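Take a look at the structure set out below.
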Amino acid sequence: MLHLASRSPRRRELLARLGLDFGVLDGDVPEQRMPGETPAGYVARVAREKAGAGLLRVVAVPGAVVLGSDTEVVLGDEVFGKPADGDEAAAMLRRLSGRTHRVLTAVSLVSAGREAAVLVASEVAFAELSDEDIAEYVASGEPAGRAGAYAIQGGAERFVTRLSGSYSGVMGLPLHETAGLLRGFGIHARTPRAGGGA
């Protein structure tokens with residue numbers, strides 16, 4: 001059985017779009033970049049650690065497969081994680097204003113006998129944001145708990161002038177690449193039935 005090692009409601013929603021039945025494992029993996037670690041190496045490591053921690057909880061379940069994922073916003077070599085408060089969210093958005101940044105999403109799939117992973121990089125260009133744009137968006141509460149202080153599928157969608165890469169990857173789970181990884185484990189995506197049933 002497939003298990004998603006994530007607290008993120010967005011990842012649950014995205015994985016459900018592949019028409020799969022899965023369980024959810026609520027784990028707690030430290031998200032701290034190591035000295036000298038590249039942004040890509042950091043994202044890949046955290047995704048692998050999430051999947052590995054999840055597998056430890058279900059390793060006795062025959063056929064258990066665990067998916068871990070991590071998404072970070074990267075500007076230059078700087079990783080923008082989740083803002084601690086509204087002031088930090090506003091500071092992040094000011095830095096992203098009028099610039100192109102990368103969004104890195106790593107997916108790690110593990111079972112008792114194998115492991116596979118993929119890293120998807122997308123580029124997102126933001127328009128110039130006014131102080132009013134930033135203040136209104138921060139006041140909405142949406143930046144809280146979001147890498148880079150924004151949700152592309154929410155109110156920040158209006159800030160995006162160009163996206164190159166995976167829209168679902170920027171949301172938190174690149175569906176095309178994830179479906180490919182799952183196929184390698186004998187798990188095949190299907191189109192969910194209309195009405196929300198999987």
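None of the values given here were measured: they were computed from a predicted structure.
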Using distance alone, with no hydrogens and no angle criterion, decide if [X] and [Y] have a side-chain donor and acceptor under 3.5 Å apart.
{"X": "Tyr167", "Y": "Glu157", "value": "yes"}
{"X": "Thr191", "Y": "Arg17", "value": "no"}
{"X": "Glu142", "Y": "Tyr150", "value": "no"}

Do the non-hydrogen side-chain atoms of [X] and [Y] ever get within less than 4.5 Å of each other?
{"X": "Thr105", "Y": "Ser69", "result": "yes"}
{"X": "Lys50", "Y": "Asp70", "result": "yes"}
{"X": "Ile134", "Y": "Arg94", "result": "yes"}
{"X": "Met171", "Y": "Leu14", "result": "yes"}
{"X": "Glu115", "Y": "Arg48", "result": "yes"}
{"X": "Leu75", "Y": "Arg95", "result": "yes"}
{"X": "Leu15", "Y": "Leu173", "result": "yes"}
{"X": "Leu181", "Y": "Ile187", "result": "no"}

Atom of [X], atom of [Y] and distance for their closest heavy-atom approach:
{"X": "Phe22", "Y": "Ala16", "result": "CE2-N, 3.7 Å"}
{"X": "Ala51", "Y": "Gly68", "result": "CB-N, 3.7 Å"}
{"X": "Pro30", "Y": "Glu49", "result": "O-OE1, 4.3 Å"}
{"X": "Val103", "Y": "Gly169", "result": "CG1-O, 4.4 Å"}
{"X": "Ser168", "Y": "Pro174", "result": "OG-CA, 3.5 Å"}
{"X": "Leu93", "Y": "Tyr137", "result": "CD1-CD2, 3.7 Å"}

Please identify which of these residues, [options], meets the side-chain contact (heavy atoms from CB on, under 4.5 Å) condition with [X].
{"X": "Val107", "options": "Leu182, Thr71, Leu67", "value": "Leu67"}
{"X": "Leu55", "options": "Val66, Leu25, Val61", "value": "Val66"}
{"X": "Met92", "options": "Pro83, Pro143, Ser97", "value": "Pro83"}

Inset, instruction - Applying side-chain contact (heavy atoms from CB on, under 4.5 Å), run through Lys82 and Arg146 and close with a yes or a no. - result: CA-CA 5 Å; Lys82 301 174 181 70; Arg146 318 272 183 162; 5.9 Å; no
Any sub-3.5 Å donor-acceptor pair from [X]'s side-chain atoms to [Y]'s backbone N or O?
{"X": "Glu37", "Y": "Met34", "value": "yes"}
{"X": "Glu136", "Y": "Glu132", "value": "no"}
{"X": "Ser122", "Y": "Ser166", "value": "yes"}

Legend entry - Candidate pair Asp77 and Arg33, rule salt bridge (charged side-chain N to carboxylate O under 4.0 Å, His left out), full reasoning: CA-CA 12 Å; Asp77 187 55; Arg33 188 177 173 191; 3.2 Å; yes
Inset, instruction - Measure the CG-CZ distance between Leu129 and Arg158 for me, rounded to the nearest 0.5 Å. - result: 9.0 Å
Inset, instruction - Drop me the distance from Thr178's OG1 to Leu109's CG, to the nearest 0.5 angstrom. - result: 8.5 Å
Inset, instruction - Please report the C-alpha distance between Leu4 and Arg11 in whole Å, then the side-chain angles of each, then the deciding distance to 0.1 Å, and finally whether the side-chain contact (heavy atoms from CB on, under 4.5 Å) criterion is met. - result: CA-CA 8 Å; Leu4 174 65; Arg11 287 204 181 96; 4.1 Å; yes
Inset, instruction - Could you tell me whether Glu31 and Arg45 have a side-chain N and a carboxylate O separated by less than 4.0 Å? - result: no
Inset, instruction - Might you work through the side-chain contact (heavy atoms from CB on, under 4.5 Å) test for Val24 and Arg12, ending with a clear yes or no? - result: CA-CA 8 Å; Val24 176; Arg12 289 198 293 271; 3.4 Å; yes
Inset, instruction - Kindly work out whether a path of hydrophobic side-chain contacts (I/L/V/M/F/W/Y, heavy atoms less than 4.5 Å apart) joins Leu18 to Leu2. - result: yes
Inset, instruction - Share the residues that join Val79 in a hydrophobic cluster, the rule being Ile, Leu, Val, Met, Phe, Trp or Tyr side chains under 4.5 Å apart at the heavy-atom level. - result: Tyr42, Val43, Val46, Val74, Leu104, Leu119
Legend entry - is_close_aromatic(His101, Phe126), centroid dist under 6.0 Å: yes
Legend entry - Audit row: Arg162, Glu123, salt bridge (charged side-chain N to carboxylate O under 4.0 Å, His left out) steps and yes/no: CA-CA 8 Å; Arg162 184 180 61 81; Glu123 287 193 346; 3.6 Å; yes
